[in-house]
Amino acid sequence: MEDLKWFGLKWDEGAFMQSERRQFYFEAWEKLRAGGFIYPCRCSRKDVLSAGVAPHDENEEPIYPGTCRSSLGTIHEAQTPAGINWRFRVPEGEEMVYVDLARGEQRAIARKDFGDFVVWRKDDVPAYQLAVVADDIAMLISEVVRGEDLLLSTFRQLLIYRALNENAPKFFHAPLIVDESGKRLAKRNAAMSLRALREAGAEPEQLREQYL
C-alpha cells in the first residue's frame, strides 16, 4: 500500500482483506452448489497437467478433462467446501462474447478455450475466480480495470455472474508492462518490483511517464 501511494495511486475505500471476507465467498459457493453449477473434484494439479489438453496460451491452465465431472444439474449435499476441490461446470461448446472497453469484442468457446475451473480449493480457500466475483458484487463494482493477461479469465467470471443471477461489470484490460525480451514483469521471473525501484532511487513521475 505504501508503494502504491508512492507511485501516485489513490483509492476511495479499503483496503479490504480477503481473509476477512470469507462469508461473502461461502455464500456464493453455497448458491453455486445449490444451483448445481459446481461439483467436487479429487484430481490434483499433477493429474490435470498429465491428462488435460494444453491451452493455446502458455500462461493458461490446462483444460480439465472432466475426470470427476458430474451430470448437469446434479446438486451435491456437502455443507462445507473444505477438504476437496470444487469446480465450475463449464457449458459444453457455448460460444461466449463480450466487449472489452480496451480490446473490443472478445470471443471464446467453453471447454475448447478453457475448461471446468476451480472455485474453491481443498485447503479450504476460495479460488481467485470466485473471490473476485463475490467481492465485485458486494462492492457494487461497475467497471474493472486490470491487465490483459486476464482476458480469458473474464469468460470464467461471466459464467459465475450468470449462475449467481447478477449483472457483470464492464471490463477494461490494459496492456502489460514487459521487459526487454517481451516477457511480462512477474515475481516468478525476479522482475523489479515497485519497492525495488523505489529503493533504487527511481522517481514515481519518471515511472509513470515511462510505463503509463
For [Y], is there any backbone N or O sitting under 3.5 Å from a side-chain donor or acceptor partner on [X]?
X	Y	value
R87	C41	no
R89	S70	yes
D47	S44	yes
W120	W29	no

Given D136 and E166, is the side-chain contact (heavy atoms from CB on, under 4.5 Å) satisfied, shown in steps? CA-CA 10 Å; D136 289 347; E166 296 282 353; over 6 Å; no
Atom [atom1] of [X] and atom [atom2] of [Y]: how far apart are they, to the nearest 0.5 Å?
X	Y	atom1	atom2	value
D149	L176	CG	CG	4.5 Å
T80	D124	OG1	CG	5.5 Å
I141	N167	CD1	CG	14.0 Å
R195	L4	CZ	CG	10.0 Å

Shared hydrophobic cluster for [X] and [Y] (ILVMFWY, side-chain gaps under 4.5 Å):
X	Y	value
V133	F172	no
L9	L197	yes
M139	I137	yes
M96	V99	no
I38	V125	no

My understanding is that only residues two or more places apart in sequence, or in another chain, count here; which of them pass salt bridge (Lys or Arg N to Asp or Glu O under 4.0 Å) with E105? R107
Would you please name every residue forming a salt bridge (Lys or Arg N to Asp or Glu O under 4.0 Å) with E92, sequence neighbours left out? R111
Is it the case that over 12 heavy atoms from other parts of the model lie below 6.0 angstrom from the CD atom of E143? yes
Tell me, yes or no, whether the heavy-atom count around R22 atom CZ, taken from other residues, nucleotides or ligands under 6.0 Å, exceeds 12. yes
Can you give the donor-acceptor pairs under 3.5 Å from side chains of residues 150-163 to other protein atoms, not counting sequence neighbours?
residue	atom	partner	partner atom	Å
S153	OG	Q129	NE2	3.1
S153	OG	R156	NH1	3.3
T154	OG1	R146	NH2	2.8
T154	OG1	L150	O	3.2
T154	OG1	L151	O	3.3
T154	OG1	H173	NE2	3.2
R156	NH1	E60	OE1	3.4
R156	NH2	E60	OE1	2.6
Q157	OE1	R146	NH1	3.0
Q157	OE1	R146	NH2	3.0
Q157	NE2	Q129	OE1	2.8
R162	NH1	E94	OE2	2.8
R162	NH2	E94	OE1	3.0

Do you know the tightest heavy-atom contact between C68 and C43? SG-SG, 3.7 Å
Restricting to non-hydrogen atoms, name the atom on V48 and the atom on P62 that form the minimum distance, rounded to 0.1 Å. CG1-CG, 3.8 Å
Are any non-hydrogen side-chain atoms of [X] and [Y] less than 4.5 angstrom apart?
X	Y	value
H76	W86	yes
D100	E148	no
V118	Y128	no

Filter on salt bridge (Lys or Arg N to Asp or Glu O under 4.0 Å), then keep only pairs touching residues 23-43, sequence neighbours left out; what's left? E30-R33
Quickly, which of D116, T74, N85 forms a side-chain hydrogen bond (donor to acceptor under 3.5 Å, both in side chains) with Y39? Name it, please. D116
Of all pairs that satisfy side-chain hydrogen bond (donor to acceptor under 3.5 Å, both in side chains), the ones with a partner from residues 5-16, not counting sequence neighbours: none
For F88, enumerate each residue passing the ring-ring contact (aromatic ring centres under 6.0 Å, His included) test, keeping only those at least two apart in sequence or located in another chain. F117
